[in-house]
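To find a chain, count down the sequence lines: A is the first, B the second, and so on, and within it residues start at 1. Please read these numbers as outputs of a predicted model, since none were measured by experiment.
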Number of protein chains: 2
Amino acid sequence: MSTLESIVHGAAQVQRRAIAKAITLLESTRADHRAQGDELLTALLPYTGKAFRLGISGVPGVGKSTFIEVLGLYLIEQGHRVAVLTIDPSSTVSGGSILGDKTRMEKLSVHERAYIRPSPSSGTLGGVAEKTREAMLVCEAAGYDVVIVETVGVGQSETAVANMTDMFVLMQLPNAGDDLQAIKKGVMELADLVIINKADIDADAAMRAEAQITSAMRLFGLHGHPDHAHHDKKLWHPQVIQLSALHNKGVDAFWAAVTQFRNLQTANGKLSERRRHQSLSWMWERIDAGLKQAFRHDPAVSALLPTLVEQVESGRLPASTAARNLLAAQSERAQAAIK
Amino acid sequence: MSTLESIVHGAAQVQRRAIAKAITLLESTRADHRAQGDELLTALLPYTGKAFRLGISGVPGVGKSTFIEVLGLYLIEQGHRVAVLTIDPSSTVSGGSILGDKTRMEKLSVHERAYIRPSPSSGTLGGVAEKTREAMLVCEAAGYDVVIVETVGVGQSETAVANMTDMFVLMQLPNAGDDLQAIKKGVMELADLVIINKADIDADAAMRAEAQITSAMRLFGLHGHPDHAHHDKKLWHPQVIQLSALHNKGVDAFWAAVTQFRNLQTANGKLSERRRHQSLSWMWERIDAGLKQAFRHDPAVSALLPTLVEQVESGRLPASTAARNLLAAQSERAQAAIK
């Protein structure tokens, strides 16, 4: 059986090995692996797109692992197959990981209907996000129908996760300071749903947090389309849900909201629109990254850069002139090679 | 007299004409003008950098024109020469302008110690910001020692203004909704000082707004360096000031705060650090823009793009593969030309 066939049609053990092999191939930086990976991915593509892609974010300590384990087991009980992928910005910088994948989700990780893949541990956030996105497609082709992409609330990783999922869920503690941080970083705006976890610890604080977050989200929602934001039943309005993952309370209400979201977004066409938009932005993002890399590795640019940087820093050369000179150096080198 | 000499040493009328001529040259998109502009700018550079660069932002209706006119006249009375430049994102899109430059600041615009330049009315925000930045250098070389760059709170223009000035001031109305919008868009974080204008209309609301904004800014300030944020006298802590531009109240207190900021930032080295950092980021931003432009105008890319976009949108080609194919097409064309 080819890797493709093993992924799409293999028996449980064969499939797991094939998935791991495919993801390893896609994570490789060797050019020949990359070419094989591209080929495999293109062949897998017709089998992808049927899963629901759920993004989950929250600061360390909010209870993401506990929640995802409880949710995963609940979904498996309902007949789903669940893949969990991680984007951990801390692992890309230090090689270590805030999320500490190996010891987490003990029950879910050994379940045969679940697949858990830790964060790729090197590269830029853009590179890690690309690999996670591709791993997601492999899992979809293998028939996992709920793919959860989780991230810790650090840096730009929330945006990366929101940009590759159908629904972005933000987990919060019943605590006002957190909200301001989320508002500040523009994460609240990305959220289709906010979970207040550990709501059982302080019921009053949880109620206050719910009211606060609801009113903040309403304000964001109103901005730009005041007339119909709260009336149009065909549009999703971000929700806030209290739950306690540790005591398995509220998980069914959460999944009911997710299902409602999915049905609404499918019916009004927003789900496919979001995926089309995500694919195109992803393409342009990778192009930008590639252009920058080629520029920085260009020998003419490398030769000129230190002098120009020094002149710009010391105020002897306008920044825009330096930029034009460097761009000209790169293209003149190509021109000179032609002659 | 050369344009350079007229700008730096010319009598009032000669100088004004030379400034206008230089800025027109810098705003031109013709390649020969651009080359002349680069040359002029490099020659002017030794005469720049002595002005204080003040960024001012606020939504339409907050009273920016009234405030800048009052402030400008106050500064002229103190012996300063004041240039006012504008970045208006609405004018770059529609050719129209939210700020409606011509009828604004009637007294200031006719004063011989003031120079007011409306927003360039075409191009991307990046292009307009570049031209404004260059116009700022021309005004500095001409001896304007306070350069005010104002913008309306729309899109990314606040970031552009904060990135080219020594101090960024956000104007607010005594109204809580505004604050949340500013927090949401991450503008509050950029502000070195927040003005609550029209404070005389509702004193209670103004006090509430001041308390609210102060506590929000304190939270932002604390984030990351909790130990010394409020104790280190060598560091600037963002301030909130109530004033009424219309009744000319609070302008002196505002300028006292600006002076305190400038002295502190000069003494602790943050001002020159900020300018060095701004110049380098500006260089990289223009390089990115140039790379993207060259890519989009590449004939091999243009030929391939529509097909690949369609395949990515319809889910038949992975976005990352499409990106790699397009990048390869651009560089293969260069390679082929070499052979």
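Listed options B:L326, B:L137, B:T48, B:D288 were ranked by heavy-atom pairs under 4.5 angstrom with chain A; first place goes to B:D288. Note: A:S279 leads A:S279, A:G290, A:P46, A:S281 in heavy-atom pairs under 4.5 Å with chain B. Of all the listed residues (B:G49, B:S272, B:A294, B:A323), the one sharing the greatest number of non-hydrogen pairs under 4.5 Å with chain A is B:A323. Between chain A and the residues B:R34, B:E39, B:R275, the largest count of heavy-atom pairs under 4.5 Å involves B:R34. Heavy-atom pairs under 4.5 Å with chain A were tallied for B:M283, B:Q311, B:R286; the largest tally goes to B:M283.
Neither the backbone nor the side chain of A:L26 comes within contact range of chain B, judged by heavy atoms closer than 4.5 Å.
Of residues 312-322 of chain A, those residues with a non-hydrogen atom less than 4.5 Å from any non-hydrogen atom of chain B are, in numerical order, A:V312, A:E313, A:G315, A:R316, A:L317, A:P318, A:A319, A:S320, A:T321, A:A322.
Within the 4.5 Å cutoff, no side-chain heavy atoms of B:L327 are placed close to those of A:Q293. Between A:Q330 and B:L291, the closest side-chain pair of non-hydrogen atoms falls below 4.5 Å.
Every pair passing salt bridge (charged side-chain N to carboxylate O under 4.0 Å, His left out) that includes a residue from residues 320-329 of chain A is listed here, sequence neighbours excluded: A:R324-B:D38, A:R324-B:E130, A:R324-B:E134.
Atom NE2 of A:H277 has 12 or fewer heavy atoms from other residues, nucleotides or ligands within 6.0 Å.
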